[in-house]
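Below is one structure, written out as structure tokens; the observations come after it.
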Amino acid sequence: MKSTIHYCLILDQSGSMNSLKNEVILSFNEQVDMILKMKKEKPESKIKLTLCTFNDVVEFKYVGQDIDLIKKLTDSDYQPDCCTALYDAIGASFVKITELSEPDDQVFLAIFTDGLENASKHYRAEDIQFKLAEAEKRGWAVNFFCRYEDGPLYKRRLKISDKNLVAMSLDIDGFKVMEDQIHFRFKKMFDLQEDD
């Protein structure tokens, strides 16, 4: 049986993201278009998307949804406000994807935050360190996207390796870097799936 690719995007929706709202919506929609375009070349591919947004509350907008059924993100779907429960979002997403995926499936976690954790109630930095290490052991791909100035702190606090940490500018150019990195990771997984 052909393995499934699970793409999980963990997306900051705290108040400071308000100035980046248009870039976020555009970036998500372009990612969906990119994945659909790849799938057109190989229609038998199984690709499922999970979208987790977080401020002081963690919300799953999609959970293991077939990529063909994903609707474009709109202005009303993405409303930045409040604080940053980053660790809770990563922890909850890890649990969800663990439940959804089979051992042979490929998993890609893309985490984006524009600031620092300040609102998690259920997970601490040590818990997330453990979960990210566990993701690596399982062979999951992980990219952690953050501001240049926050990179060293997250690297130290969450023990994120250089290959998984992507520091970026918070503008249209930064989001292009993020999309390119996601496209690169996705293409690798897509090509692997072809060899199943």
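Computed from a predicted model, the values in this text were never measured in an experiment.
- Of the possible polar contacts, one joining the Q13 side chain to the Q79 backbone as a donor-acceptor pair under 3.5 Å is found.
- Under the 4.5 Å side-chain heavy-atom criterion for grouping Ile, Leu, Val, Met, Phe, Trp and Tyr, L158 is connected to V107 within one hydrophobic cluster.
- Note that CG of D105 and CH2 of W140 are 10.0 Å apart. Values are rounded to the nearest 0.5 Å.
- Residues E117 and I128 form no side-chain contact, since every pair of their non-hydrogen atoms from C-beta on lies 4.5 Å or further apart.
- Salt bridge D180/K176: present, at least one basic N to carboxylate O contact under 4.0 Å.
- The distance from the CG atom of N143 to the CD1 atom of I10 is 11.5 Å, given to the nearest 0.5 Å.
- Interatomic distance, S3 OG to L192 CG, rounded to the nearest 0.5 Å: 8.5 Å.
- For K39, the NZ atom sits in a packed shell: over 12 heavy atoms of surrounding residues, nucleotides or ligands are nearer than 6.0 Å.
- A cation-pi arrangement is found for K96 relative to F60, the charged atom lying closer than 6.0 Å to the ring centre and inside a 45° cone about the ring normal.
- In plain terms, the two heavy atoms of G91 and K131 that are nearest each other are CA-CD, 4.1 Å.
- With rounding to the nearest 0.5 angstrom, the CG atom of D114 is 5.0 Å from the CE atom of M17.
- Test I25, D12, L170 against L20 for side chain to side chain contact (heavy atoms under 4.5 Å, CB included) and you get one pass: L170.
- For the pair L51/Y78, no side-chain contact is recorded, criterion being any heavy-atom separation below 4.5 Å from C-beta on.
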Are Q31 and L49 close enough, and set up right, to give a side chain to side chain contact (heavy atoms under 4.5 Å, CB included), and what steps lead you there? CA-CA 11 Å; Q31 287 175 48; L49 184 137; over 6 Å; no
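- Remark: the backbone N or O of G64 is paired with a side-chain donor or acceptor of T50 at under 3.5 angstrom.
- Under a cut-off of 6.0 angstrom, the local environment of CZ in F130 is sparse, with at most 12 non-hydrogen atoms contributed by other residues, nucleotides or ligands.
- With sequence neighbours left out, the ring-ring contact (aromatic ring centres under 6.0 Å, His included) criterion links F175 to F112.
- In this structure, Q106 and M189 approach most closely via the heavy-atom pair NE2-O, 2.9 Å.
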Evaluate side chain to side chain contact (heavy atoms under 4.5 Å, CB included) for M168 paired with M178, printing each intermediate quantity in order. CA-CA 8 Å; M168 56 184 269; M178 184 166 99; 4.1 Å; yes
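- No path of Ile, Leu, Val, Met, Phe, Trp and Tyr side chains, each step under 4.5 Å between heavy atoms, connects F28 with V63, placing them in separate hydrophobic clusters.
- With sequence neighbours left out, K21 forms a salt bridge (Lys or Arg N to Asp or Glu O under 4.0 Å) with D75.
- Take F108 and apply the ring-ring contact (aromatic ring centres under 6.0 Å, His included) test, not counting sequence neighbours, and it matches Y7.
- In this structure, K187 NZ and F190 CZ are separated by 8.0 Å, a value rounded to the nearest 0.5 Å.
- Every residue was checked against the side chain to side chain donor-acceptor pair (under 3.5 Å) condition with N22, not counting sequence neighbours, and none meets it.
- The distance from atom CD1 of I67 to atom CE of M38, rounded to the nearest 0.5 Å, is 11.0 Å.
- In summary, K42 and E44 do not engage in a salt bridge, as defined by a charged side-chain N under 4.0 Å from a carboxylate O.
- Between the side chain of D66 and the backbone N or O of D68, no donor-acceptor pair lies under 3.5 Å.
- Taking the side chain as every heavy atom from C-beta outward, D88 and F54 never approach each other to under 4.5 Å.
- Across all their heavy atoms, V58 and C52 have their closest contact at CG1-SG, 3.6 Å.
- In the hydrophobic cluster analysis, where Ile, Leu, Val, Met, Phe, Trp and Tyr join through side-chain heavy atoms closer than 4.5 angstrom, L11 is grouped apart from Y87.
- Taking the side chain as every heavy atom from C-beta outward, K71 and Y62 approach each other to under 4.5 Å.
- Here the side chains of K159 and L132 are not in contact, with every heavy-atom distance at 4.5 Å or above.
- At a threshold of 4.5 Å between side-chain heavy atoms, the hydrophobic network of Ile, Leu, Val, Met, Phe, Trp and Tyr places L9 and L36 in one connected group.
- Taking 4.5 Å as the limit, every side-chain heavy atom of K72 sits out of range of all side-chain heavy atoms of D77.
- The 12-atom threshold is not exceeded at CZ of R157, counting heavy atoms of other residues, nucleotides or ligands nearer than 6.0 Å.
- Between C8 and S93, the shortest heavy-atom distance links the atoms SG-CB, 3.9 Å.
- Partners of Q181 according to the side chain to side chain donor-acceptor pair (under 3.5 Å) rule, which considers only residues two or more places apart in sequence or in another chain, do not exist here.
- Of the options N55, V57, D56, a side chain to side chain contact (heavy atoms under 4.5 Å, CB included) to C83 is made by D56 and by none of the others.
- The closest side-chain heavy-atom distance from F144 to L86 is below 4.5 Å.
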Go through the steps for T4 and E102 under the test side chain to side chain contact (heavy atoms under 4.5 Å, CB included), then give the verdict. CA-CA 8 Å; T4 300; E102 298 294 329; over 6 Å; no
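- Taking the side chain as every heavy atom from C-beta outward, V142 and I111 approach each other to under 4.5 Å.
- Under a hydrophobic clustering in which Ile, Leu, Val, Met, Phe, Trp and Tyr are joined whenever their side-chain heavy atoms come within less than 4.5 Å, directly or via other members, I90 and V95 fall into the same cluster.
- Taking Ile, Leu, Val, Met, Phe, Trp and Tyr as hydrophobic and joining them when side-chain heavy atoms fall under 4.5 Å apart, one finds I172 in a cluster with L26.
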Full working for salt bridge (Lys or Arg N to Asp or Glu O under 4.0 Å) between K163 and E136: CA-CA 12 Å; K163 70 181 170 70; E136 290 248 6; 3.5 Å; yes
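- R147 approaches G115 most closely through the heavy-atom pair NE-CA, 4.5 Å.
- Annotation for D171 and G174: closest pair OD1-N, 2.8 Å, computed over non-hydrogen atoms.
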